[in-house]
K.L.:
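My questions will all concern the structure given below.
For this chain, numbers begin at 1 and follow the sequence in order.
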Amino acid sequence: MAEPEAEPSLRSYLQILRKRRWWVTALTLLGLAVSLALSLTQQKMYSASAQLLVQATGGINLALSSSQYSVTPTDVQTELQLVTSAQVQNLVRKELGSTPPVSAVEVGQTNVIAVTAVDPNPARAALVANTYARAFVSSSTAATISNLAAAENQLSGQIQVLSKEIAHLKPGSGSAPQQAALSNQQAVLKGQLAQLQVAGSVASTGLEFVTPALAPTSPSSPKPTQDALVGLLAGLALGVGAAFLLDNLDDTLTTSESLEEVNGASVLVTVPMVASWKKIENPVMVAISEPTSPAAEAYRSLRTSLQFSRQDGALRTLLVTSSHAREGKTATVANLGAVFAQAGERVVLVSCDLRRPRLSQSSTPADAPELSSVLTGELSLDQALTPVADVEGLWSLSTRAVVPNPTEMLASRRARELFRELAERFDLVLIDSPPVLPVADAMILTTYADGVLLVVASAQTRRAELQRTTEKLAQANAPVVGMVLNKVSTYSSYGRYGGYGRYGSYGGYGYAADSGDGQNTHNGFPLLR
């Protein structure tokens, strides 16, 4: 997980987006591409709409009421639900042979209903919309007429009942008031019947087919421009979300504060990423090839920091190691040796990575003396030391070939004597060590060193890995003089590199001959990563 900040700010969010910019860009373009692909391959559809007006005319309530009747929003919503009722669909099926789907919506805040049909054929879309509209009006009219007829029959029946009651009353028997009341009631019912008969003659449901649907000239979907904009925005949102998710799940170390929190030792310098390091054929000794570069200045700053630790002369042998391979320890050894030599000190670089040598692998011919020859007693130290061309005061004790028993060779009595002799003959002995976690070689070499310089690759070394490395160094009582935060990038977006786990078998880390990757030399020094 990325190192937490006390108070996340807009700047920190922007840094995350810049760091994961390729994810944001890729997902944004993917969203755009997918939306355009779907839009351009989708079948063209045409929409046609017919409009109906809901009015306060016709009906039993209006016929029998003396007050003015108005249309309410509830009436409009009710009509919307009836557009696709079973009765309407039956009428549509009789005319079209099927019941294509339609939608009915209220137009704004008016009493107008729009019936919309969608079809690949524009003329067919208009036909379906108009058929539904006419069928809806016809269905509603038929229902209204049926209701009026039922009401007329009911009133006629009531009038007949009153007539019979009036006929049964005997004149002069004191029934005059009752007869008058029944006659008045009968007169009212006859008036209502007359109103219903008038309403029936001009029966209307209050629905008017005001605007027929016309065949559209352009498709309603797809809309490539609109779809592309939606896809672009969706991809951008997905990309931003992925960027923050990846940053939250990322447990690599990118800041000096996070390193010091895990290890406890101070970060002596941060070394920026050098573009040429991405290519194995380019040199790593930027202190010589690019003396004015930010990386060269960083190594000179590291030299200054280490000189304070060497004032009492107790730090003559310095072990440079890391948690895993490809974190920059070899480049740190080479450049640190160069800047110390430039300061007038006698420095020797000892390549002790007998499993995967990189420091001097290409700097000498195949038959040149090696560290292993000294450890086996085949050569003396004087015969094996090789001065680095054009860098006065800098020597190299190289390793090129992989040996079958590196741990035993480094733990031998001869190795201890060798490093004691080197410390007596040189002002500074820099040991290029295998990484700590994959193999035990680094733990053996800590017994020969006065201090350990731990190299951590920004956005590559994980928090748990540095924690395990710290614990192993503490178990060996190895004094860590400081750390180097290497490969620092503005975006810290570099992935993890291959490590020692690709050797083979031998405890998970076998021995393999050099892959022959065609590395060259610069001023007699290997151009290695």
Side-chain angles (χ1 to χ4, degrees), residues 21-54 73 76-141 205 207-243 245:
R21 66 196 185 283
W22 296 119
W23 278 96
V24 177
T25 302
L27 291 177
T28 300
L29 294 178
L30 178 62
L32 176 62
V34 170
S35 63
L36 280 177
L38 293 177
S39 180
L40 296 177
T41 57
Q42 187 179 358
Q43 184 182 23
K44 291 183 179 181
M45 302 297 288
Y46 296 84
S47 299
S49 297
Q51 293 185 342
L52 299 170
L53 176 63
V54 181
V76 177
Q77 294 299 319
T78 301
E79 300 294 346
L80 286 174
Q81 300 301 318
L82 295 176
V83 170
T84 55
S85 63
Q87 294 85 349
V88 174
Q89 289 186 342
N90 288 334
L91 294 175
V92 172
R93 186 180 293 107
K94 290 178 181 179
E95 185 168 347
L96 299 180
S98 61
T99 55
V102 295
S103 62
V105 295
E106 181 181 3
V107 180
Q109 299 296 322
T110 66
N111 295 342
V112 177
I113 295 175
V115 181
T116 303
V118 180
D119 195 89
N121 188 324
R124 170 77 174 175
L127 175 63
V128 171
N130 290 330
T131 302
Y132 264 92
R134 293 190 183 96
F136 184 38
V137 173
S138 299
S139 175
S140 298
T141 301
T205 62
L207 288 174
E208 182 179 353
F209 189 7
V210 292
T211 306
L214 300 177
T217 57
S218 59
S220 58
S221 67
K223 299 179 179 179
T225 302
Q226 179 178 330
D227 294 342
L229 180 59
V230 172
L232 186 69
L233 294 177
L236 178 61
L238 183 61
V240 171
L245 177 62

K.L.:
Taking all atoms of both residues into account, what is the closest heavy-atom pair of A104 and I113, and its distance?
P.N.:
CB-CG2, 4.2 Å
K.L.:
Does the side chain to side chain contact (heavy atoms under 4.5 Å, CB included) test come out yes or no for V54 and L207, once each step is laid out?
P.N.:
CA-CA 5 Å; V54 181; L207 288 174; 3.8 Å; yes
K.L.:
Could you give the side-chain donor-acceptor pairs of residues 37-44 under 3.5 Å, partners two or more places apart or in another chain?
P.N.:
{"unit_1": "S39", "atom_1": "OG", "unit_2": "D227", "atom_2": "OD2", "d": "3.0"}
{"unit_1": "T41", "atom_1": "OG1", "unit_2": "A37", "atom_2": "O", "d": "2.6"}
{"unit_1": "T41", "atom_1": "OG1", "unit_2": "L38", "atom_2": "O", "d": "3.4"}

K.L.:
Got V92 and F136 here, is their nearest side-chain heavy-atom distance under 4.5 Å?
P.N.:
no
K.L.:
Given side chains that start at C-beta, do those of M45 and P120 come closer than 4.5 Å, heavy atoms only?
P.N.:
yes
K.L.:
Which heavy atom of A48 sits nearest to which heavy atom of L214, and what is that distance?
P.N.:
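Closest heavy-atom pair between A48 and L214: CB-O, 3.7 Å.
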K.L.:
Does T78 have any side chain to side chain contact (heavy atoms under 4.5 Å, CB included) partners at least two apart in sequence or in another chain, and if so, which?
P.N.:
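With sequence neighbours excluded, T78 shows a side chain to side chain contact (heavy atoms under 4.5 Å, CB included) to T74, L82, given in chain and number order.
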K.L.:
Roughly how far, to the nearest 0.5 Å, is CD of Q226 from OG of S35?
P.N.:
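If we round to the nearest 0.5 Å, S35:OG and Q226:CD are 11.0 Å apart.
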K.L.:
Which heavy atom of L36 sits nearest a heavy atom of A228, and at what distance?
P.N.:
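L36 and A228 have their closest heavy atoms at CD2-CB, 3.6 Å.
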K.L.:
Using the side-chain hydrogen bond (donor to acceptor under 3.5 Å, both in side chains) rule, collect all pairs that involve residues 107-122, keeping only residues at least two apart or in two chains.
P.N.:
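Found S49-T116.
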K.L.:
S98: which residues meet the side chain to side chain contact (heavy atoms under 4.5 Å, CB included) condition with it, sequence neighbours left out?
P.N.:
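With sequence neighbours excluded, S98 shows a side chain to side chain contact (heavy atoms under 4.5 Å, CB included) to P100, R124, given in chain and number order.
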K.L.:
Is L96 close to L127 at the side-chain level, that is, under 4.5 Å between some pair of heavy atoms?
P.N.:
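The answer is yes, as the side chains (C-beta and beyond) meet within the 4.5 Å cut-off.
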K.L.:
With side chain to side chain contact (heavy atoms under 4.5 Å, CB included) as the test, would you mind laying out the steps for V83 and V88 before giving the verdict?
P.N.:
CA-CA 7 Å; V83 170; V88 174; 5.6 Å; no
K.L.:
For the backbone of V118 and the side chain of S47, can you confirm whether one donor and one acceptor N or O come within less than 3.5 Å of each other?
P.N.:
no
K.L.:
I need the minimum non-hydrogen distance between A129 and A213, along with the two atoms involved.
P.N.:
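Looking at all heavy atoms of both residues, the shortest contact is CB-CB, 3.8 Å.
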K.L.:
Restricting to non-hydrogen atoms, name the atom on F209 and the atom on Q51 that form the minimum distance, rounded to 0.1 Å.
P.N.:
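Closest approach of F209 to Q51: CD1-O, 3.5 Å.
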K.L.:
About how many Å separate CD of Q89 and OG of S139, when rounded to the nearest 0.5 Å?
P.N.:
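Between atom OG of S139 and atom CD of Q89 there are 11.0 Å.
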K.L.:
In chain order, what residues pass the side chain to side chain contact (heavy atoms under 4.5 Å, CB included) check against S138, with sequence neighbours excluded?
P.N.:
L91
K.L.:
Is any side-chain heavy atom of L52 less than 4.5 Å from a side-chain heavy atom of V112?
P.N.:
no
K.L.:
Looking at every heavy atom in both Y46 and P219, which two are closest together, and how far apart are they?
P.N.:
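Scanning both residues, the minimum pair turns out to be CE2-N, 3.4 Å.
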K.L.:
When the side chains of residues 26-34 are checked against the rest of the protein, which donor-acceptor pairs come out under 3.5 Å, sequence neighbours left out?
P.N.:
{"unit_1": "T28", "atom_1": "OG1", "unit_2": "V24", "atom_2": "O", "d": "2.6"}

